[in-house]
Each structure stands twice: as C-alpha cells, then as structure tokens.
> 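Take a look at this one; I'll ask things after.
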Amino acid sequence: MSPAPREAMIALVDCASFYASCERVFDPSLENRPVVVLSNNDGCVVAMSQEAKALGIPMGMPWFKLEPVAAAQGIVARSSNYELYGSLSARVMEVIGRHAAWQEVYSIDESFIGLRGTVEELVQLGRRIREDVARCTGIPVRVGIAPTKTLAKVALLGVKRSAPLAEVGVCHFGGYSPTQRDAILASIPVTDLWGVAGRLGRRLANLNIHTAADLAAQDPGQMRRRFSVVLERTVRELRGTPCIPLEEEPRQYKDQLIYSRSFSEPVTTTPAMRQVLSIYAQQLASRLRSAGQQARVLTAWASTSPFATDQEPHSPQVSAVLPVPTAEPLTIARGSLGLAELIRPGTRYVRAGVVLTDLRPAGQAETLPGLGPPGEGRQLGPTLDAVVARFGVGSIGLGYGGLGTPPSWQMRRAMLSPRATTHWDELVTVRL
DNA sequence: TCTGGGGTCCTAGGACCC
DNA sequence: TCTGGGGTCCTAGGACCC
C-alpha cells in the first residue's frame with residue numbers, strides 16, 4: 001500500500017564523496033580521477049572519490065602504504081582541509097534549506113528535511129534540490145525519501161547501490177510495492193543501518209538477524225529488552241513508525257570539548273610534552289571562549305602508538321577539577337601540565353589530548369575579585385585570541401607554547417589545497 | 001620511519017536521600 | 001536467625017555516529 005498523498009515525509013540529502021567533491025570544486029583537474037583525502041598528519045585515507053572507491057582502496061588505509069603505488073594508478077591525494085569543507089557545507093545546507101520548511105543539519109555532509117507531497121511531487125522536488133545544489137555549489141547530492149529517518153537512509157542506500165537510481169539521484173521508498181520494499185530491506189545488511197555497527201551486528205548475527213528485513217520482523221519490545229531502546233526504535237522505524245524526530249534547533253551548547261592531535265614525530269621528553277600541552281590548552285581555551293562556555297573539569301592524556309611493537313604501551317592521564325569554572329587559558333594550561341610529570345622520558349608518545357567536561361554557559365557565576373586563582377579575571381584569553389586573529393596562529397603562545405619556531409612534532413599537511421572560500425590570499429585564479 | 005578527530009546517547013552501578 | 005524500599009543523581013564505560 002503506498003502512503004496516503006501528502007503524508008509527512010522525511011528526506012535525507014547527502015553529499016556524494018563530500019571531501020573529495022569539495023577538492024574538485026576548485027580544482028577541475030581532479031574530475032574523473034581517483035582522489036583520496038587524508039587524515040591529519042597525512043596519516044590515512046578518510047574519504048575517497050567514486051573512482052578511488054572503485055579501485056578497492058579500503059577506508060582508513062595508511063598513506064605510507066598507498067603512496068608507493070599511487071602514482072602508477074593515477075591516484076591524487078589531498079591533505080584534509082576542514083576549513084574549506086566546513087565553508088562549503090554551510091553553503092550546501094543553506095541551499096537545501098530553501099526547499100523545505102523543516103531542516104535538520106545532521107552532519108557536515110548530511111541533512112534531513114521534512115516534506116509533504118505525493119510520491120511524484122517529492123521525487124520532482126528531490127531532482128530540483130540536486131540541480132540547485134549542483135548549480136550553486138558544485139557539490140553533487142543524493143536524496144532518499146521515506147516516512148522515517150531510518151527508511152530515508154535505506155532509500156539513500158538504494159540510490160548509492162542501484163545504477164538506474166544513481167542516474168536519477170533520488171529514491172522514494174513509498175514508490176514501491178510492499179513486495180518490492182521487502183526485497184529492498186532484505187538486500188541491506190543490518191550493519192548498514194544507523195545505530196548498528198560491528199559489536200551489535202555480531203550479537204544480532206547470533207540470533208540469525210542479518211538483514212534489515214530480518215530486523216524489521218523482530219518484536220520491538222523484545223529487541224528493547226535484549227538490546228536497548230535504540231534498537232527498538234530502529235525496528236519501529238523500519239516498519240514505518242517515526243521514532244526519531246527531526247531536530248531543527250541546533251544544540252546551543254556542547255557537553256564536552258576535545259582538542260587532540262597526533263604528532264608528526266614522536267614526543268619523548270617532558271619539556272616537549274609541556275610545550276604540546278600548553279599549545280593544546282590555548283587552542284581549547286580559545287574554542288571554549290568562542291562557544292560562550294566555561295569548564296569545570298579537565299582531563300589530559302597522552303598515548304604511545306597502538307602499532308608499536310618495540311615498547312610497552314603507555315597512556316598516562318590526569319583529571320582535575322578546576323578551581324572555578326573557567327575559559328582562561330592559564331588555568332586550563334596549568335591543569336593540563338600535570339600530565340607532563342607522568343610521562344616516562346624516552347618513551348615515544350604519538351598523540352595527546354585535552355578534554356574539558358562539565359561545561360556551562362559563561363558568566364553564570366562571577367568570581368569575586370581576588371578570590372579566584374591567579375590569572376582569573378585578567379582577560380588573557382580574549383587578548384591572546386585578538387593577537388592570533390591579527391598576526392596568525394603561532395604568533396603568540398602561553399609559557400612553553402610561546403616558542404618562535406614551529407615545534408618539530410607539529411601536524412603535517414603536505415598536500416593541502418587552498419582555503420579558497422575563507423581566505424582572501426588563497427582565492428582561486430581563473431584564466432579566461 | 002610513517003596508521004584521524006570530535007562528538008552523542010544509553011546503561012549499569014554506586015552513592016546518597018528519606 | 002531475622003537486617004526495607006523507592007527514588008534520584010552522578011559517573012564510567014560501551015557503543016555508535018560522521
């Protein structure tokens with residue numbers, strides 16, 4: 001039975017190979033070529049163009065293993081350029097939003113919109129969205145439409161996997177007969193659904209539940225008792241009952257803030273780790289301040305490489321309750337530096353991070369003058385941010401972070417494209 | 001030599017309260 | 001010998017997302 005005309009529907013719009021597509025927008029020479037986008041430090045593959053996927057390159061493959069064969073296969077690599085992707089994402093989302101009264105931006109490359117209309121009307125609308133986004137941003141998108149978010153994802157998988165649907169770029173789950181829908185669900189492994197990954201997938205396989213159709217046939221209450229309310233909702237959504245609402249309002253405040261990075265070369269000494277922590281703390285303080293929040297609890301950690309076979313793994317960690325909820329870089333740096341005392345000099349650490357939790361909106365409880373820790377209330381954060389805004393990252397640093405030359409462990413991004421939409425001096429030149 | 005980063009949600013279990 | 005019960009709050013850890 002096809003859904004009643006004008007019933008509320010949800011469309012999931014996703015960008016095809018988003019990072020690779022972004023790289024192509026300002027570099028047409030990448031068209032029709034296998035493009036891979038690398039993680040920070042040019043570590044491993046985090047995104048691929050269709051051509052690269054077709055070569056069978058596994059997601060997450062280390063670049064140092066791919067690099068030797070890349071040239072021979074015509075593979076082009078780019079360092080990830082999140083500033084560019086974020087900027088293009090905002091434009092894509094804005095264009096999508098023009099076509100619907102309800103929109104939830106789900107991730108950097110996915111958006112849900114709420115729609116009403118017949119199957120034919122909504123498929124037409126999906127086509128218009130594709131054309132509009134392509135014309136305004138150069139990014140290809142695909143559209144899956146269904147009564148629930150989970151089924152919209154199923155419809156989108158159809159667009160990705162069926163050649164005729166890929167041609168159109170739009171799939172409406174309601175356009176199929178019940179028999180066809182069952183066949184579609186039976187063709188989708190459970191682990192392709194939202195909320196079902198490896199662990200859960202193995203537990204479901206033990207119960208002989210392998211496909212979306214198998215899962216849809218389960219009793220929702222039983223799935224809740226045996227697994228969780230999350231899986232219960234998935235079952236109900238697969239059966240067409242919306243359980244996961246469209247969330248239009250982006251959340252105003254985050255629950256936690258993390259700054260963590262791998263090093264381009266291992267850090268082995270206490271002074272170097274102090275420098276790492278000072279720089280990370282300053283970055284984090286800056287983010288926290290621009291989010292309009294303060295933190296009360298801080299955790300700092302470092303770890304050795306999980307791939308190293310020649311040394312014992314070591315992951316020291318410190319947690320501290322800050323004297324007052326704060327966004328002051330000095331207080332955050334001081335809390336983080338305790339970690340430097342815990343490292344074993346000579347051990348090779350490959351990454352570190354600082355996590356702020358127990359966040360709250362800034363300005364809720366002002367500390368009385370003189371009662372806070374040293375540095376509180378001196379507005380060091382805004383001053384540092386202002387200097388960085390004017391003279392660039394690295395132009396000023398706190399304590400151990402304030403060194404003139406860039407540290408040797410700093411992130412490597414050798415194949416970085418220009419930030420063509422956010423920096424005047426990196427604009428693209430077009431010759432006619 | 002070289003393997004990413006930043007989040008959220010849910011549940012179980014302990015602390016604590018009356 | 002026999003030793004309550006119901007509720008909330010908080011946290012850690014697991015699992016998942018892109």
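For clarity, every value in this text was computed on a predicted model and none was experimentally measured. By convention in this document, chain letters (A, B, ...) are assigned in the order of the sequence lines, proteins followed by strands, and residues within each chain are numbered from 1. Side chains are part of it too, since the values below use all heavy atoms of this structure and drop only hydrogens, waters and symmetry mates.
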> Report which part of the nucleic acid Trp194(A) touches: base, sugar-phosphate, or nothing (heavy-atom distance under 4.0 Å, all strands).
sugar-phosphate

> Could you tell me how far dC2(B) sits from dC18(C) if I compare only their C1' atoms? Round to whole Å.
25 Å

> Using the P atom in both, what is the distance from dC17(B) to dT3(C), to the nearest Å?
24 Å

> Starting at atom CG of Leu193(A), determine the distance to atom P of dA15(C), rounded to an integer number of angstrom.
18 Å

> Is the distance from OP1 or OP2 of dC17(C) to the nearest side-chain N or O of Ser107(A) less than 4.0 Å?
no

> At under 4.0 Å between heavy atoms, what does Gln256(A) touch on the DNA or RNA strands: base, sugar-phosphate, or nothing?
base

> Mind checking if Val350(A) touches a base, just sugar-phosphate, or nothing, with heavy atoms under 4.0 Å?
nothing

> Nearest to the side chain of Arg251(A) - dC18(C), dC16(C), dT8(B)?
dT8(B)

> Using a 4.0 Å heavy-atom cut-off across all strands, classify Arg233(A) as base, sugar-phosphate, or nothing.
sugar-phosphate

> Scan Leu38(A) against the nucleic acid and name what it touches under 4.0 Å (heavy atoms): base, sugar-phosphate only, or nothing.
nothing

> Whole angstrom is fine here: how far is it from CG in Leu359(A) over to P in dG6(B)?
15 Å

> If you pin Arg287(A) and Met61(A) to their nearest nucleotides in DNA chain B, which one's is more 5'?
Met61(A)

> So Asn41(A), base contact, sugar-phosphate only, or nothing? Heavy-atom distance under 4.0 Å.
nothing

> Mind listing the side-chain donor-acceptor pairs of residues 209-218 of chain A below 3.5 Å, one per line with the distance, residues two or more places apart or on another chain?
| from | atom 1 | to | atom 2 | distance (Å) |
| --- | --- | --- | --- | --- |
| His210(A) | NE2 | Asn208(A) | OD1 | 2.9 |
| Thr211(A) | OG1 | Ala213(A) | N | 3.2 |
| Thr211(A) | OG1 | Asp214(A) | N | 3.1 |
| Thr211(A) | OG1 | Asp214(A) | OD2 | 3.4 |
| Asp214(A) | OD2 | His210(A) | N | 2.8 |
| Asp214(A) | OD2 | Thr211(A) | N | 3.0 |
| Gln218(A) | NE2 | Asp214(A) | O | 3.1 |

